[in-house]
Amino acid sequence: MAAGKQQLPVALLFILGGVWSFPLVQDTKPAAKLCGYESCHITKPNMLNVHLVPHTHDDVGWLKTVDQYYYGDRNDIQHAGVQYILDSVVDQLLKNPDRRFIYVETAFFYRWWKQQSSSMQQTVKRLVNEGRLEFVNGGWCMSDEATTHYSAVIDQMTLGLRFLNDTFGACGRPRVAWHIDPFGHAREHASMFAQMGYDGFFFGRLDYQDRDHRMIEKEQELLWRASDSLTPPMADLFTGILPNGYNPPEGFCWDQLCHDPPIRDDPDLEDYNVDDVVNRFLVIANSQAMVYKTNHIIMTMGSDFQYENANLWYKNLDKLIHYVNAQQANGSKVNVLYSTPSCYLQELHRANLTWSLKRDDFFPYADDAHDFWTGYFTSRPALFPLVVGINLGFLSLHWRGSGSSEAMAVAQHHDAVSGTEKQHVANDYARRLANGWQHCQLLISNSFAALSGSFLKRNYCDNLNISVCLPTEILNKFLVIVYNPLARPVTWPVRLPVNGTAYAVSDVKGKPVDCQVSVCFAINELVFQVQAPPLGYTTYSVSLIQDGPPPASTHVAQSHELTTLLNPSRVLTETCNRSPLMFSLSRYNASDGNNTESNQPSGAYIFRPNSSTPFIISKTAKTETIQEVRQWFAPWVSQVVRLYADSKALELEWTVGPLPIDDNLGKEVITRLDTSIKTDRFFYTDSNGREVLQRKKDFRPTWNLKQSEPIAGNYYPINSRAFIKDDVDQLTVVTDRSQGGGSIQNGSLEIMLHRRLLYDDVRGVGEPLNETSDIFPEGLIVRGRLLLSLEHPAAAADLHRPMAEQEVLQPLLAFVDGDLSPNIRHEFSGLQAALPPAVHLLTLTQWDKDSVLLRLEHQFQSRESKLNSQPVTVNLQKLFSTLVVLGVSELNLSANQWKDKMTRFDWTPQKGTGPLQTGCRILLE
């Protein structure tokens, strides 16, 4: 795009809770009178109303790939074919207008919809408009809640909900969030669902002790206050826990995959069983009603990939409803009806009761005393960095092309990023992400060309994290283009593998930049700091000065060193002069299941060490100090410690693998940080990368915990940061991927880095988590990094908030053969000025030909910073350098509802649970 201001009509949306969106979307058709809540069947106030919800749970990859599941391929692994499910359900819904069905995974429905004839599409629209086919949740997938980043969750939800909105209008908009299978539930997910306009949230899995307690107290339906910062009820979400996970009651599964007998209602036959079926159902219904608060209960009639032959289900459900309701003539007080989660939710709302209030989350999840689902927080650590997309920002506005949105959305699935899929499925996810990244590279190159006026080939180095980059290794003169997706300037250390021993680096104005060449694991690395403008790019020129083997000293004569030659513990100690820090690399040996207490082994889902004491990998390490501290603890474990100039954070780069298994023991490797901080069992972890929750060892806020696994039972998901603190010091660890961790000892923080296991944990995946490949035939090698800071608690967030933001949205590097040219724009910023530190530009993307979607968020939590936890004013007219804001419209977080049209059910918490102090907000100037 040529320089100057682009005249784009942009609609601005203000999202309560700190997020703005800015699309000008087409008005959808008004909802038909019979969809949504108006389509619900009439219930009977003086009876127990049993809401039967026909549904299927269709994993977007697990034991089979997403393609195999859709087409019904590889049924030798698992019998499942989603296209046949949708074919069959639509056919059966047309045969009886009373029947209902809900569908969840838009990724599958989108595929099916594209293959349908125009007449079939009109038929399906009629079913949707009449409320007979209802969408719930509506995201591209049912995302994992422990290992996902909130930005990726918002993107995948927006992708799915936009398709439903564009295709079906208001009747396609889900009223209920539906996460029946994820293995624990995050508070930030509930907050996002509330801000997306959902009236309620239903899930199937929670800790077995928590469920027992809630059944006794009749608190399986509750009000979740999902933010410490947003004014209630902005992030309040009614939450229901389903009675049977997401399966039918025992004995009432009539799918072709089930073995329960059908209803045999011919009285002339010997095996007539109507009386038995009705009696068993009445017992189950009345028993379930005893642990819920109202005269309405819900039963999920379906399960994994069911309804491929929907006639089996509906024929028996029709009979069940008929024969159970016929007993009302004999005095029965049970009324059975076809229903949906939204219709059930409406009846709970009409009950006008008060509900217990929950402020924490539903982690960790255990389904038995020794079966904690905390291993998947770290499973497949090499996949995690791939599943948070780069914010292309202005690049996406200057060139339209195919991106990676669908691949990224599928990867958020609760059996994808979680690492709980079969190996061949993990390989398929990685392939899809790699292909999506190739499309992104094309878009980025075309955008750079449009902005700069240069159409020279741009090269990208996908394996730069393992010091592989062909352009920098073979070229004697090249340009480094640095794109910064953040709305503030960024200083970033660049490390490039090279073959020379001395280089000259200059910035876009020709000013020399300090650099040095160091030898790291037998590879020459050119190291220098880059500075990139907000939401823009700059260019650096690199020229070879000296070739050949590295000199004895790797120092290059420059004005100052980029790294500090100090012991890492002393660096941090001298930074605050308070708390010494010791760190070690250790391992847990995984349980093989041969235990007197339980036969549960560690696996893809379950973390179960065979000892509560980790084994230190080595008490000594081969240590080398040049411009950084390098330590080798074993041939398969090493780390590099760096402190860059002007940085308050210590970088700890770890390399782990292949984990040895010659002793027939699986291994789970941790790094542990020990301090003198007085924690009194408390520590803190983030929720999906956003708000932070307080944790306490061997404690749950809502029930009296009986701890049976002292390590696994104290692990929590860490998506971007964790910290420990007292009144004087706060040690914060910022991660580059989702990992599991906890504070097992006072003053200590441990984070799991890598896992390799030899046994399946009997949760369905059917194979051990033992990753190998053609590249790593002896076992997976993973490299990552942690950023450590030690600050006074009052100032800690001012450092770790922007640091975590920058770690998720790192600068993107592109390489061009040649030198700087006066005829090319080598630097650009999409903003007139940087946004304030508290404001993060979450989304900036082309919505359609006339509008742009923009989301801004206040990224500081209430009360965590005296300086930045305050309201911020942003002048949108003066924000962009090449765009003019001509129109403003306000939408919800998922951009599928006008904000002034968004209404949600009001719920009343029980007395004694008043609102928290209100938090931060962004004010429109």
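Residue numbers start at 1 and run along the sequence shown.
The aromatic rings of Tyr314 and Tyr338 sit tilted, their planes meeting at an angle between 30° and 60°. The aromatic rings of Phe201 and Phe193 sit tilted, their planes meeting at an angle between 30° and 60°.
Thr843 approaches Thr845 most closely through the heavy-atom pair CG2-CG2, 3.9 Å. When all heavy atoms of Leu159 and Ala409 are compared, the closest pair comes out as CD2-CB, 3.8 Å. Closest of all the heavy-atom pairs between Glu145 and Asn688 is O-ND2, 2.9 Å. Among all heavy-atom pairs drawn from Ser303 and Asn247, the shortest one is OG-OD1, 2.5 Å.
Separation of atoms CD (Gln78) and CG (Leu63) is listed at 4.5 Å; rounding is to 0.5 Å. Distance CD/Gln306 to CG/Asp304: 7.5 Å, rounded to 0.5 Å. The CD1 atom of Ile241 sits 7.0 Å away from atom OH of Tyr292, with the distance rounded to the nearest 0.5 Å. Between the CZ atom in Phe168 and the NZ atom in Lys125 there is a gap of 7.0 Å [rounded to 0.5 Å].
Within the 4.5 Å cutoff, no side-chain heavy atoms of Leu844 are placed close to those of Leu853. The side-chain heavy atoms of Tyr110 and Thr167, taken from C-beta on, include no pair separated by under 4.5 Å. Between Pro243 and Ile297 the shortest side-chain heavy-atom distance does not fall below 4.5 Å. Looking at Val53 and Tyr344, their side chains never come closer than 4.5 Å, going by heavy atoms from C-beta outward. Contact annotation: the side chain of His414 approaches that of Asp59 to within less than 4.5 Å [non-hydrogen atoms, C-beta and beyond]. Between Val50 and Leu52 the shortest side-chain heavy-atom distance falls below 4.5 Å. Side chains of Glu134 and Pro174 form no contact here, defined as non-hydrogen atoms less than 4.5 Å apart.
Ionic pairing of Asp265 and Lys319 is present here: one or more N-O contacts between side-chain nitrogen and carboxylate oxygen are shorter than 4.0 angstrom. Checked for salt-bridge contact, Arg99 and Asp318 meet the test: a charged N lies under 4.0 Å from a carboxylate O. For Asp67 and Arg74, the salt-bridge test fails: no basic side-chain N is under 4.0 Å from an acidic carboxylate O. Salt bridge status for Asp181 with Arg205: present, with a side-chain N to carboxylate O gap under 4.0 Å.
Within a 6.0 Å radius of CD1 in Ile42, no more than 12 heavy atoms belonging to other residues, nucleotides or ligands are found. Within 6.0 Å of the OH atom in Tyr71, the count of heavy atoms belonging to other residues, nucleotides or ligands does not exceed 12. Counted within 6.0 Å of CD on Glu250, heavy atoms from surrounding residues, nucleotides or ligands total 12 or fewer; the atom is thus considered open. At most 12 non-hydrogen atoms from other residues, nucleotides or ligands lie less than 6.0 angstrom from NZ of Lys315.
Taking the six-membered ring for Trp, Phe101 and Tyr307 have ring centres closer than 6.0 Å. Between His185 and His179, the gap from one ring centroid to the other reaches at least 6.0 Å. With ring centers used as reference points, Phe135 lies under 6.0 Å from Phe109. Aromatic pair Trp113/Phe108: centroids not less than 6.0 angstrom apart.
Formation of a donor-acceptor pair under 3.5 Å by the Asp144 side chain with backbone atoms of Val417 is not found in this model.
Each of Leu222, Asp199, Leu348 was evaluated against Phe238; a single residue qualifies, Leu348, per the side-chain contact (heavy atoms from CB on, under 4.5 Å) test. Of the options His296, His41, Glu347, a side chain to side chain donor-acceptor pair (under 3.5 Å) to His51 is made by His296 and by none of the others.
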Derivation and outcome, side-chain hydrogen bond (donor to acceptor under 3.5 Å, both in side chains), residues Asn896 and Asn892
CA-CA 7 Å; Asn896 67 326; Asn892 64 347; 3.0 Å; yes

